[in-house]
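Written out below as structure tokens is the structure these notes cover.
For clarity, every value in this text was computed on a predicted model and none was experimentally measured.
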Amino acid sequence: MEQTLYLVLLLIALCSVSECVQHHYRFINETKNWTEAQRYCRENYTDLATAENMNDMIDLNKSVNDGGVQYVWIGLQRTSVNKWQWSSGDPELYLNWGPGQPNGRDDCGVMSNGQIYIYPCSSAYLPFICNNMSTGLVLVDQPKNWRDAQSYCRQNHTDLVSVRNQNESQQIQKFISDRHLSGYGVWIGLFRESWQWSDQSNSTFRYWDSNQPDNQGGVENCTVIRPNAQGQWNDVSCNNQYPFVCHEGEKILTNHTIYPSPPPDPDKLILIKENLTWPEALRYCRQNHVDLVSVHSDEMQREVMNVVKAASTAEVWLGLHNYCIMNMWLWLSGENMYYQNWAPGHGTTPENCRLEKRKGAVQSGGDQRWVSLPETHKLNFICTNYE
């Protein structure tokens with residue numbers, strides 16, 4: 001069981017630094033503020049553009065086919081949630097803080113004597129530890145600030161190292177001791193920030209221009225790329241008017257922080273008695289409501305069961321999709337699948353997704369369990385108005 005969990009976490013980490021999701025970018029040469037651009041992308045594509053890695057960023061920048069454009073909106077926005085996360089995208093499961101930590105407003109993690117302390121990301125210059133998927137841990141004894149250390153690891157290895165459990169913490173501390181750096185601080189991949197992608201992706205990829213983000217005037221909460229500067233990013237006021245880039249196709253969500261879910265409200269679950277494919281249903285819900293419904297608790301399942309009885313098809317689409325590369329089922333909302341209600345023979349065996357993409361639906365009759373179906377089936381579906 002532990003080995004399986006480790007492999008899943010390892011693959012998720014790899015997805016954060018490789019091309020597990022193929023983005024298709026669409027440049028929209030119409031000027032809108034950030035919120036208007038977000039609404040346009042959600043109604044006509046999937047969302048404002050997200051970048052998972054440098055290859056995505058190159059493709060995104062290439063999609064801007066007007067050489068005279070100075071700034072272009074993407075989907076990164078400052079939020080009120082300031083959270084700790086790992087550069088690699090690993091889930092934040094274990095943080096062995098030093099005494100009195102975390103304190104202050106410093107936002108990057110340092111390991112010293114097996115414990116984690118926070119230092120200023122830009123002004124502290126320290127050695128650092130990279131993780132290399134082929135060779136393991138690599139100590140780089142070239143003092144850099146955190147962002148430069150992150151770039152170095154991503155260019156030359158995999159990423160700054162994550163510390164996901166006590167065993168890894170002990171292994172890393174022994175690695176530091178064997179190199180005679182005990183008592184000294186070294187950068188690890190932990191950082192804290194309040195920037196979040198519009199599609200709720202947990203991508204930690206950032207491509208800020210020098211001295212950015214600077215939040216000039218305290219009002220710069222949205223992100224643009226500069227196409228004529230290799231697509232590097234600036235923070236600007238969300239009220240500015242610029243063209244923008246959308247991405248289309250299904251966006252896979254992984255490693256999301258779980259926030260308290262709102263209590264189910266039957267008025268916010270809407271059964272749509274139109275027979276659409278899963279991608280068509282997804283677009284309909286995002287254009288007319290918020291999203292296809294995610295069922296993350298027994299309470300929400302009961303609400304779905306009440307709504308689905310009136311359906312005209314034997315199954316009804318949910319916001320549940322199979323992540324083919326890892327054969328994992330995920331909710332569009334980003335909720336982990338701690339609660340499950342699969343019908344026998346569904347959701348627990350590997351899917352033959354080379355032939356067809358699979359999505360999740362709920363039975364409208366019987367015991368109303370979940371089933372795996374090809375996304376091309378045309379079914380009723382349930383939209384939600386939960387934000």
Are [X] and [Y] grouped together when hydrophobic residues (ILVMFWY) are joined by side-chain heavy atoms under 4.5 angstrom apart?
X: Leu292; Y: Ile270; result: yes
X: Leu60; Y: Ile58; result: yes
X: Trp84; Y: Val186; result: yes
X: Met305; Y: Trp370; result: no
X: Trp195; Y: Val72; result: yes

Would you give the length of the straight line joining atom [atom1] of [X] to atom [atom2] of [Y], rounded to the nearest 0.5 angstrom?
X: Gln85; Y: Arg192; atom1: CD; atom2: CZ; answer: 11.5 Å
X: Phe191; Y: Arg206; atom1: CZ; atom2: CZ; answer: 5.5 Å
X: Thr46; Y: Arg286; atom1: OG1; atom2: CZ; answer: 6.5 Å
X: Leu282; Y: Asp291; atom1: CG; atom2: CG; answer: 6.0 Å
X: Glu315; Y: Gln363; atom1: CD; atom2: CD; answer: 6.5 Å
X: Ile176; Y: Ser112; atom1: CD1; atom2: OG; answer: 8.0 Å

Apply side chain to side chain contact (heavy atoms under 4.5 Å, CB included) to the pair Phe175 and Val161, showing each step before the final yes or no.
CA-CA 12 Å; Phe175 177 81; Val161 69; over 6 Å; no
List the steps, then state whether side chain to side chain donor-acceptor pair (under 3.5 Å) holds for Gln196 with Thr79.
CA-CA 7 Å; Gln196 179 65 54; Thr79 70; 6.0 Å; no
Check step by step if side chain to side chain donor-acceptor pair (under 3.5 Å) holds for Glu52 and Trp197.
CA-CA 10 Å; Glu52 302 276 349; Trp197 292 101; over 6 Å; no
Can you find a pair of side-chain heavy atoms, one from [X] and one from [Y], that are under 4.5 Å apart?
X: Lys174; Y: Gln171; result: no
X: Glu220; Y: Pro213; result: no
X: Ser169; Y: Met111; result: yes
X: Ser294; Y: Thr384; result: no
X: Thr277; Y: Lys378; result: yes
X: Leu190; Y: Val163; result: no
X: Ile188; Y: Phe128; result: no
X: Leu379; Y: Leu373; result: yes

Using modelled atom types only, decide if a donor and an acceptor are shared between the side chain of [X] and the backbone of [Y] within a distance under 3.5 Å.
X: Asp209; Y: Gln212; answer: no
X: Ser237; Y: Asn239; answer: yes
X: Asn33; Y: Cys238; answer: no
X: Gln101; Y: Trp97; answer: no
X: Lys273; Y: Ala310; answer: yes
X: Gln115; Y: Asn96; answer: no
X: His24; Y: Glu248; answer: no

Kindly give the heavy-atom pair with the smallest separation between [X] and [Y], and that separation in Å.
X: Met57; Y: Ile225; answer: CE-CG2, 3.8 Å
X: Asp47; Y: Ser198; answer: OD1-OG, 2.6 Å
X: Ala311; Y: Ser364; answer: CB-CB, 4.0 Å
X: Ala51; Y: Phe205; answer: O-CB, 3.6 Å
X: Leu48; Y: Val245; answer: CD2-O, 3.6 Å
X: Ala49; Y: His247; answer: CA-CD2, 3.9 Å

Go through Asn131 and Thr158 one step at a time and tell me if the side chain to side chain donor-acceptor pair (under 3.5 Å) criterion holds.
CA-CA 6 Å; Asn131 186 39; Thr158 301; 5.4 Å; no
Just do the side chain to side chain contact (heavy atoms under 4.5 Å, CB included) check on Tyr25 and Val64 with the steps written out, would you?
CA-CA 9 Å; Tyr25 297 110; Val64 181; over 6 Å; no
More than 12 non-hydrogen atoms from neighbouring residues, nucleotides or ligands closer than 6.0 Å to CD on Glu43, yes or no?
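Enclosed.
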Using a cut-off of 6.0 Å, state whether more than 12 heavy atoms not belonging to Gln170 lie near its atom CD.
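Yes, the 6.0 Å shell around CD holds more than 12 heavy atoms from other groups.
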Phe381 and its ring pair (Phe, Tyr, Trp, His ring centres under 6.0 Å) partner, picked from Trp317, Trp278, Tyr284
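Answer after filtering Trp317, Trp278, Tyr284: Tyr284.
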For the ring pair (Phe, Tyr, Trp, His ring centres under 6.0 Å) test, which of Trp233, Phe27, Tyr40, Tyr242 pairs with Trp73?
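So the option named by the test is Tyr242.
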Ring centres under 6.0 Å, that's the criterion: do Trp329 and Trp342 meet it?
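Yes, ring centres under 6.0 Å apart.
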CA sep, side-chain torsions, deciding dist, call: Asn275, Asn380, side chain to side chain donor-acceptor pair (under 3.5 Å)
CA-CA 5 Å; Asn275 295 345; Asn380 292 183; 2.8 Å; yes
Side chain to side chain contact (heavy atoms under 4.5 Å, CB included) assessment of Gln301 paired with Val362
CA-CA 10 Å; Gln301 172 68 15; Val362 60; 4.3 Å; yes
What I want to check is whether the side chains of Asn221 and Asp235 have a donor and an acceptor closer together than 3.5 Å.
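Checked: Asn221/Asp235 side chains show no N/O donor-acceptor pair below 3.5 Å.
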Using 30° and 60° as the class boundaries, would you call the ring planes of His157 and Tyr152 parallel, tilted or perpendicular?
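His157 and Tyr152: tilted rings.
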Tyr119/Trp187 under side chain to side chain contact (heavy atoms under 4.5 Å, CB included): CA gap, chis, key distance, verdict:
CA-CA 9 Å; Tyr119 279 43; Trp187 289 126; 3.7 Å; yes
